[in-house]
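Heads up: the structure comes next, in structure tokens.
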Amino acid sequence: MTKPGGDRPPPAPSGVKEGKHLMLARHRQSLILQAVRSDGSARVSDLTQRLGVSDMTIRRDLEVLARDGLVEKVHGGAVLPGSPASHEPGFEAKLVLERPEKTAIARAAASIVTPGTAIAIGSGTTTFELAQCLLDVPGLTIVTNSLRVTNLFSGTRGLDGTADSVVLTGGVRTPSDALVGPVADLTIRSLHFDLLFLGCYGFDINAGLTTPNLAEAETNRALIRVARRVVVLADHTKWGLVGLSSFARLSEVDVLITDDMLPADARNQVEEHAGQVVYADGMMASQVSRQSA
């Protein structure tokens with residue numbers, strides 16, 4: 001007489017399960033590598049749809065491939081090794097990446113802006129999100145090197161009827177719609193503002209804040225020199241990315257606003273160097289002050 005369940009195969013040993021999981025990961029990484037080699041690059045959002053896994057799984061796979069020197073991680077995906085560090089995606093290409101994180105970061109940044117203050121907003125998609133959150137804050141004086149931010153505030157007024165004042169720096173336009181160069185730098189040197197909001201291509205413990213554009217790096221430095229407080233907006237995917245030119249050390253950042261998906265090891269490092277770190281989570285943000293040495 002057959003015992004109940006006697007016709008079922010015995011459960012696989014844990015080692016077999018781990019082996020199958022490893023094979024699945026390797027197969028997935030092989031498909032990712034194939035996609036990068038085929039197109040020269042691959043985006044996390046595309047890979048998650050193609051392979052039917054979470055973006056965190058894809059990012060872990062990219063970490064493995066990057067450690068093996070098979071790909072290079074960039075914001076939002078990966079490229080072939082040796083792709084120029086000076087490569088700069090256009091504004092529209094970056095606008096669709098990490099939208100929930102950017103929105104949460106922008107809301108957290110907007111919460112520290114008070115009516116009637118003078119602020120500066122650098123170019124970039126996350127800072128553009130911030131600008132949209134500030135449309136109802138009355139009486140702001142806004143210095144910016146972003147045509148998109150300028151156009152956003154064109155003709156708008158605060159809730160109390162106080163008109164916003166927008167100062168556009170002028171300069172040469174970059175692929176990411178920043179105005180940079182000597183004209184921008186000269187204008188900025190004569191100004192002073194309470195808060196500066198900057199984005200970045202990547203942030204790293206050694207390289208600090210970086211951008212692929214040399215002229216944009218110099219313009220960012222000019223903005224930092226005349227700002228009373230420097231606030232950097234950077235989502236977790238930018239951690240560890242290094243562009244061509246550094247424009248600030250993490251220790252020069254008064255407030256770093258990122259999202260709550262920043263890895264634990266990265267949190268420890270940025271909290272030791274940045275003046276204050278804010279982790280945006282939807283409509284909420286928890287603040288962590290600089291740890292004492």
Side-chain angles (χ1 to χ4, degrees), residues 24-102 105 124-126 175-176 198-213 216-217 232-250 256-270 273-274 279:
L24 286 172
R26 286 178 177 172
H27 178 62
R28 193 172 57 243
Q29 290 157 15
S30 176
L31 293 175
I32 293 171
L33 182 57
Q34 182 179 345
V36 174
R37 286 175 173 171
S38 173
D39 300 330
S41 65
R43 289 168 49 180
V44 170
S45 56
D46 293 336
L47 292 170
T48 56
Q49 292 181 4
R50 185 182 306 182
L51 300 178
V53 294
S54 69
D55 62 345
M56 290 304 294
T57 297
I58 294 296
R59 294 186 198 284
R60 283 195 295 268
D61 288 338
L62 291 178
E63 289 281 0
V64 173
L65 293 171
R67 283 199 301 268
D68 292 340
L70 298 171
V71 302
E72 284 185 11
K73 286 182 63 185
V74 296
H75 182 219
V79 298
L80 288 173
S83 296
S86 58
H87 173 67
E88 183 175 12
F91 186 93
E92 298 297 341
K94 294 188 290 185
L95 190 61
V96 299
L97 300 174
E98 283 72 50
R99 286 302 295 272
E101 291 90 340
K102 290 177 180 178
I105 290 169
T125 53
T126 311
S176 61
L198 282 178
C200 61
Y201 169 84
F203 63 114
D204 178 84
I205 196 65
N206 296 314
L209 310 177
T210 63
T211 173
N213 189 292
E216 185 167 5
V232 172
L233 316 182
D235 68 73
H236 71 281
T237 66
K238 296 186 176 184
W239 171 252
L241 298 184
V242 178
L244 180 66
S245 181
S246 298
F247 60 87
R249 299 182 301 275
L250 283 176
L256 171 67
I257 305 180
T258 185
D259 59 85
D260 59 2
M261 292 177 68
L262 190 71
D265 60 334
R267 293 187 183 208
N268 293 334
Q269 294 182 68
V270 297
H273 292 81
Y279 299 105

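The analysis underlying the following values was restricted to heavy atoms, covering all of them including side chains, and did not include hydrogens, waters or symmetry mates. Quick caveat: nothing in here was measured; it's all calculated off a predicted structure.
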*Who are the side chain to side chain contact (heavy atoms under 4.5 Å, CB included) partners of N206, not counting sequence neighbours?*
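Checked N206 against side chain to side chain contact (heavy atoms under 4.5 Å, CB included); matches are D204.
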*For L241, check side chain to side chain contact (heavy atoms under 4.5 Å, CB included) against everything at least two apart and list the hits.*
K73, H75, Y201
*Looking at residues at least two apart in the chain, or sitting in another chain, which of them share a salt bridge (Lys or Arg N to Asp or Glu O under 4.0 Å) with D61?*
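Residues passing salt bridge (Lys or Arg N to Asp or Glu O under 4.0 Å) with D61: R28.
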*Taking salt bridge (Lys or Arg N to Asp or Glu O under 4.0 Å) as the test, write out the residues that go with R249, two or more places apart.*
E252
*Side-chain contact, heavy-atom cut-off 4.5 Å: L51 with I58?*
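In short, these two side chains touch, coming nearer than 4.5 Å.
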_Is any side-chain heavy atom of L250 closer than 4.5 Å to one of L209?_
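Side-chain contact under 4.5 Å: yes.
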*Just checking, is any N or O donor in the side chain of D235 or T237 under 3.5 Å from an acceptor N or O on the other one?*
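Note: D235 and T237 side chains meet the donor-acceptor criterion.
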Give, for atom [atom1] of [X] and atom [atom2] of [Y], the distance between the pair rounded to the nearest 0.5 Å.
X    : Y    : atom1 : atom2 : value
L62  : R67  : CG    : CZ    : 11.0 Å
L262 : Q269 : CG    : CD    : 9.5 Å
N268 : H273 : CG    : NE2   : 11.5 Å
Y279 : D260 : OH    : CG    : 10.0 Å
L233 : D259 : CG    : CG    : 11.5 Å
E216 : L244 : CD    : CG    : 12.0 Å

If you compare all heavy atoms of [X] against all heavy atoms of [Y], which two are closest, and at what distance to 0.1 Å?
X    : Y    : value
T258 : H236 : OG1-N, 3.7 Å
Q29  : L65  : O-CD1, 3.8 Å
V232 : C200 : CG1-SG, 4.4 Å
M261 : E101 : SD-OE2, 3.7 Å
A42  : L47  : CB-CD1, 3.9 Å

*Which residues share a ring pair (Phe, Tyr, Trp, His ring centres under 6.0 Å) with F203, sequence neighbours left out*: W239
side-chain hydrogen bond (donor to acceptor under 3.5 Å, both in side chains) with [X]: which residues, sequence neighbours excluded?
X    : result
Q34  : none
S246 : none
S54  : T57

